[in-house]
Structures are given as structure tokens and as C-alpha cells.
Amino acid sequence: MIHKVEEYVESIFNNDSTGHDWFHIQRVRRLALHIGEKEKANLLMVEIIALLHDVLDDKITANIDKAKEEIAALLTELPLTKLHIDEILYTIENIGFKGGNGVVLDSLEGKIVQDADRLDALGAIGAARTFMYSGAKGQAMYDPQIEARSSMTYEQYRGEKSTAINHFYEKLFLLKDTLQTEEAKKIASERHEFMQKFVDQFMKEWNEI
């Protein structure tokens with residue numbers, strides 16, 4: 001069952017250059033399964049949701065309706081109930097941060113994968129992924145003329161010009177306080193502190209001399 005989902009997802013993200021590649025999917029899966037064990041969750045559901053969590057993300061998938069149809073068709077081939085399939089589809093469609101306009105998920109498995117995905121946006125890897133994504137989208141590393149936004153609509157979050165450094169203030173520094181599982185909160189602490197030190201050092205070097 002898992003192998004079928006793996007093959008489908010890997011075929012989509014294997015050549016991604018925005019920081020949402022197959023390695024990201026694998027890291028989120030490992031983190032989610034680790035948290036899921038602590039939380040005594042349904043690990044099969046956790047793993048499937050983790051593998052599929054980026055497939056309906058509009059920043060990397062152009063045709064969401066087509067992708068949703070493909071996933072639904074794939075899931076119906078697996079020994080899953082309609083209730084489970086509906087839960088998977090709802091969760092992966094609503095798992096994103098969306099500029100602070102995202103949904104608070106109901107299911108334990110959804111919360112776990114959401115936490116795991118947000119953990120991979122923190123720390124050294126989170127910083128590296130931020131610069132990857134900004135480069136892929138043609139955004140500047142930093143521009144003092146472009147101020148970080150304190151609040152925004154989803155459309156502004158997606159469409160307005162920003163920078164890699166602004167992304168730390170607009171999203172990454174906020175993620176720690178959105179986590180819902182105790183294990184994720186523990187892991188996030190060190191990663192959050194690293195990012196703060198990184199941005200402090202970046203700004204120090206930017207403004208030196």
C-alpha cells in the first residue's frame with residue numbers, strides 16, 4: 001500500500017528545486033511517524049498523509065483539481081474506507097500555513113503531519129529551504145526596501161513581492177507557537193533558537209562597515 005503512494009509522490013517531487021523535493025517528503029514522514037508513535041496515532045494514516053501532504057499545495061502544483069482526482073483514484077485502489085479517504089483528502093488540502101490563514105485540523109493524524117511539516121521549515125534545513133524557495137521564485141535574499149508583513153491575506157502571502165529574510169518574520173518565527181503535539185514542541189525549541197541566531201548573524205554581516 002505504502003509503496004504505491006511512494007511511487008506516485010516520488011514521480012511528482014523527484015526534480016523539485018523549491019525545497020519541496022522527495023527528501024523533504026521523507027523527512028516529514030520520519031518526523032511524523034516519530035511523533036505518531038509518541039501520540040499513539042494511526043501510523044498508517046500518518047504515513048499516507050505525510051507522503052501526500054504537498055501534492056495539493058498550490059505553490060508547487062499547478063492544477064489542484066486534477067491532482068485531487070489522481071489522489072482519490074489512487075486511494076480507492078488501496079484497502080481504505082471512504083471515511084479514511086475523505087479524511088486524507090481534507091487533511092492534505094488544508095495542512096498548509098497559508099500566510100497564517102490556514103485551518104486547524106481536527107484529526108490527531110492531521111495535527112501530527114502538520115507539526116512534522118512545520119518542523120521541517122525550522123532550523124538549519126528550514127533556513128536552507130527558505131533560500132532555495134526564494135531563489136526558485138526569483139525573490140531577493142534580502143532587500144531593506146521591502147518590509148516584512150505582520151499580517152496579510154492568503155492572496156497577499158502568495159502574490160506580493162517578499163524576500164527570503166522576510167519569510168523568517170512572516171512565517172518561520174511564528175511556527176513554534178502553532179505546533180500542537182508535545183514532541184513537536186520539544187524538537188522545535190532548538191531549531192527556533194538556531195534560526196534566530198542565524199538571522200541575527202545575517203543582519204550583523206549585512207550592516208557591517
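We use all heavy atoms of the structure for the numbers below, so side chains are in, but hydrogens, waters and symmetry mates are not. Since we're looking at a predicted model, the values are computed, not measured.
Pairs engaging residues 48-57 under the salt bridge (charged side-chain N to carboxylate O under 4.0 Å, His left out) rule: Asp57-Lys59, Asp57-Arg158 [sequence neighbours left out]. Counting only residues at least two apart or on different chains, the salt bridge (charged side-chain N to carboxylate O under 4.0 Å, His left out) pairs with a member in residues 116-141 are Arg27-Asp120, Asp120-Arg129.
The same ILVMFWY cluster, assembled from side-chain heavy atoms under 4.5 Å apart, contains both Ile48 and Leu89. Val199 and Met141 fall within the same hydrophobic cluster, where Ile, Leu, Val, Met, Phe, Trp and Tyr residues are linked whenever their side-chain heavy atoms come under 4.5 Å apart, directly or through other members. Note on Tyr133 and Phe198: separate hydrophobic clusters, where clusters join Ile, Leu, Val, Met, Phe, Trp and Tyr whose side-chain heavy atoms are under 4.5 Å apart, directly or indirectly. Residues Phe131 and Ile125 do not share a hydrophobic cluster, defined by chaining ILVMFWY side chains whose heavy atoms lie under 4.5 Å apart. If you chain together hydrophobic residues whose side chains sit under 4.5 Å apart, Leu175 and Met132 never meet in one group.
Remark: Gln145 CD is loosely packed, at most 12 non-hydrogen atoms of other residues, nucleotides or ligands lying under 6.0 Å away. Within a 6.0 Å radius of CD in Glu160, more than 12 heavy atoms belonging to other residues, nucleotides or ligands are found. With a 6.0 Å radius and a threshold of 12 heavy atoms from other residues, nucleotides or ligands, Gln156 has its CD atom above the threshold.
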Next on the checklist: Determine whether His20 and Ile25 satisfy the following criterion, side chain to side chain contact (heavy atoms under 4.5 Å, CB included), listing intermediate values before the conclusion.
Outcome noted: CA-CA 7 Å; His20 298 81; Ile25 304 292; over 6 Å; no
Checklist entry - Given Trp22 and Asp16, is the side chain to side chain contact (heavy atoms under 4.5 Å, CB included) satisfied, shown in steps? => result CA-CA 8 Å; Trp22 176 235; Asp16 177 85; over 6 Å; no
Checklist entry - Are Lys204 and Asp200 close enough, and set up right, to give a side chain to side chain contact (heavy atoms under 4.5 Å, CB included), and what steps lead you there? => result CA-CA 6 Å; Lys204 179 176 179 291; Asp200 287 345; over 6 Å; no
Item to check | Candidate pair Lys176 and Met195, rule side chain to side chain contact (heavy atoms under 4.5 Å, CB included), full reasoning | outcome: CA-CA 11 Å; Lys176 179 172 69 74; Met195 289 192 310; over 6 Å; no
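Below 30°, between 30° and 60°, or above 60°: for Phe168 and Phe173 the angle between ring planes is between 30° and 60°, a tilted geometry.
Of the possible donor and acceptor atoms, none in the side chain of Glu109 sits under 3.5 Å from a partner among the backbone N and O of Val46. Listed for the Ser189 side chain is no donor-acceptor partner under 3.5 Å among the backbone atoms of Lys186. Between the His34 side chain and the Leu31 main chain, no donor and acceptor come within less than 3.5 Å of each other.
If you take NZ on Lys4 and CG on Leu75, they are separated by 11.0 Å, rounding to the nearest 0.5 Å. Ile146 CD1 to Ile165 CD1: the interatomic distance, rounded to the nearest 0.5 Å, is 12.5 Å.
The two residues Ile64 and Leu56 come nearest to each other via the heavy atoms CD1-O, 3.4 Å. Nearest heavy-atom pair, Leu172 versus Thr130, reported as atom, atom and distance to 0.1 Å: CD1-OG1, 3.2 Å. Residues Ala184 and Leu179 come closest through the heavy atom pair O-CD1, 3.6 Å. For the residue pair Ile95 and Gln114, the shortest heavy atom distance occurs at O-NE2, 3.1 Å. Here the closest heavy-atom approach between residue Ala148 and residue Asn166 is recorded as N-ND2, 3.5 Å. The two residues Met1 and Pro79 make their nearest non-hydrogen contact at CE-CG, 3.1 Å.
Between Arg191 and Ile187, some side-chain heavy-atom pair lies under the 4.5 Å cut-off. Within the 4.5 Å cutoff, side-chain heavy atoms of Phe13 are placed close to those of Val55. Side chains of Arg29 and Ile2 form a contact here, defined as non-hydrogen atoms less than 4.5 Å apart. With contacts defined as side-chain heavy-atom distances shorter than 4.5 Å, the pair Asp21/His24 qualifies. Put simply, the side chain of Val113 does not reach to within 4.5 Å of the side chain of Thr91, judged on heavy atoms. Put simply, the side chain of Ile112 does not reach to within 4.5 Å of the side chain of Asp115, judged on heavy atoms.
Partners of Glu193 by salt bridge (charged side-chain N to carboxylate O under 4.0 Å, His left out), not counting sequence neighbours, listed by chain and number: Lys197. Under the salt bridge (charged side-chain N to carboxylate O under 4.0 Å, His left out) criterion, Glu182 pairs with Lys185, sequence neighbours left out. Residues that satisfy the ring pair (Phe, Tyr, Trp, His ring centres under 6.0 Å) test with Trp206, not counting sequence neighbours, are Tyr142, Phe202.
Using a cutoff of 4.0 Å between basic side-chain nitrogens and carboxylate oxygens, Lys82 and Asp86 are scored as salt-bridged.
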Check: residues 36-43 side-chain donor-acceptor pairs under 3.5 Å, at least two apart:
unit_1 : atom_1 : unit_2 : atom_2 : d
Asn42  : OD1    : Leu44  : N      : 3.1
Asn42  : OD1    : Met45  : N      : 3.1

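Of the candidates Gln139, Glu170, His167, Glu170 is the only one forming a side-chain hydrogen bond (donor to acceptor under 3.5 Å, both in side chains) with Ser162.
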